[in-house]
Amino acid sequence: MRRKLAAGNWKMNGTAANLAELEALKSLMPVDAPDVLICPPAPLLFRAHEVAGDTGIQIGAQDCHNHESGAFTGDISATMIADTGATHVIVGHSERREAYEEHDSDIRKKAKAAWAAGLTAVICIGESGDDHEANNTLEIIAGQLAGSLPDATSATNTVIAYEPIWAIGTGKVPTLEQIVQVHDFIRAKIITRFGAEIGDMIPLLYGGSVKPDNAATIFEAENVDGALVGGASLKAADFAPIIEALAAS
Ligand code: 13P
């Protein structure tokens, strides 16, 4: 059985006061909860880890530098992230690919840096609205998988998140058929590259406008093992029903 993961990406939202939402989430966790991960802004990592305590809620960062230390003003390394108690780091989010011109080769380096620090890399891929409309989705995804995933990718060091850019923060969600098509395609590609033992076990998350009212439908897809949630992860009252839907799937 593949592990299920409900991951929240707070993006650049939240100060210490917002940790009250994490506190609230603790009491809303279902009994048979799947893995739950919250990725707050970097200044909150340490405190978030303390608030999560022994609940099993894991904490992750939203990006890392590919070097362990050095003259990179303003950046944080995977080692520093691990030092806060965090267990995961998102790499290759489309907002970083677009705004910071990060390419597959950068993301591959960051994933390796994450692993070297003992973190699990949540590697994001996804096509633009233009590519979606031009029916280039599978070609784009294949290229990003080939370029962003290091050769040593395993089921314990990596989670893959498929986030169509046009679905992020827009309220637009692909049809279940479209999600099934892309996730089945990703599964087939990683099995071909890494072998069935690894490829079959890597968790695949869907991300892009996941909300309490559409989560259960999205989780019907066999190769959807969870979600990477933006806006709806900021409030415990929104994120908890998504976690419940995943637990019930
Ligand atoms: P939304 O859930 O707000 O669409 O964001 C998705 C996302 O980018 C998570 O990384």
Side-chain angles (χ1 to χ4, degrees), residues 4-14 18 21-22 25 34-42 44-45 48 57-64 81 86-100 102 106-107 110-111 114 119-129 131-132 137 140-141 144 148 158-176 178-179 182-183 186 203-219 221 224-246:
K4 294 178 183 178
L5 173 64
N9 174 10
W10 284 10
K11 307 192 179 182
M12 198 174 75
N13 297 292
N18 295 70
E21 293 296 331
L22 179 55
L25 187 64
D35 290 347
V36 174
L37 172 70
I38 295 287
C39 301
L44 294 181
L45 285 172
I57 297 176
Q58 296 179 298
I59 304 298
Q62 300 171 14
D63 182 45
C64 67
I81 293 166
T87 51
H88 291 65
V89 59
I90 297 169
V91 295
H93 193 283
S94 60
E95 285 152 17
R96 299 227 37 113
R97 288 181 187 257
E98 285 188 339
Y100 298 89
E102 291 186 7
D106 304 306
I107 292 147
K110 288 180 181 209
L119 300 173
T120 298
V122 181
I123 302 178
C124 301
I125 55 173
E127 83 285 4
S128 67
D131 279 320
H132 170 66
T137 300
I140 297 289
I141 296 302
Q144 290 175 336
S148 304
T158 298
V159 172
I160 297 172
Y162 168 58
E163 298 203 303
I165 298 170
W166 52 275
I168 295 176
T170 59
K172 291 185 202 158
V173 182
T175 62
L176 182 60
Q178 287 171 326
I179 294 175
V182 176
H183 279 247
I186 296 170
L204 303 185
L205 311 184
Y206 167 79
S209 296
V210 177
K211 306 288 177 202
D213 62 1
N214 62 20
T217 303
I218 293 167
F219 296 147
V224 171
D225 305 308
L228 182 54
V229 184
S233 71
L234 293 170
K235 295 270 177 237
D238 293 330
F239 197 41
I242 295 173
I243 296 169
E244 274 168 35
L246 184 59

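Both ligands and their constituent atoms are indexed starting at 1 by order of listing. All residue numbers in this chain count up from 1 along the given sequence.
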A.B. asks: Is any side-chain heavy atom of Asp63 closer than 4.5 Å to a side-chain heavy atom of Lys110?
C.D. replies: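 The answer is yes, as the side chains (C-beta and beyond) meet within the 4.5 Å cut-off.
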A.B. asks: Using side-chain heavy atoms (C-beta onward) and a distance below 4.5 Å, is Val173 in contact with Thr217?
C.D. replies: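 SC-SC contact between Val173 and Thr217 ruled out.
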A.B. asks: Quick check: does any side chain N or O of Asp225 sit under 3.5 Å from a backbone N or O of Leu204, one acting as donor and the other as acceptor?
C.D. replies: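 Pair found, side chain donor or acceptor close to backbone of Leu204.
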A.B. asks: Quick check: do Gln62 and Met12 have side-chain heavy atoms less than 4.5 Å from each other?
C.D. replies: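 The answer is no, as the side chains (C-beta and beyond) never meet within the 4.5 Å cut-off.
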A.B. asks: Look at the rings of Tyr206 and His183 and say which category their plane angle falls in: under 30° parallel, 30 to 60° tilted, over 60° perpendicular.
C.D. replies: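 Aromatic pair Tyr206/His183 classed tilted.
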A.B. asks: Which protein residues come within less than 4.0 angstrom of ligand 1, counting heavy atoms only?
C.D. replies: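 Lining ligand 1: Asn9, Lys11, His93, Glu163, Ala167, Ile168, Gly169, Gly208, Ser209, Leu228, Val229, Gly230, Gly231.
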A.B. asks: With a 4.5 Å heavy-atom cut-off, do Ile38 and Phe239 have their side chains touching?
C.D. replies: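 Yes, their side chains come closer than 4.5 Å.
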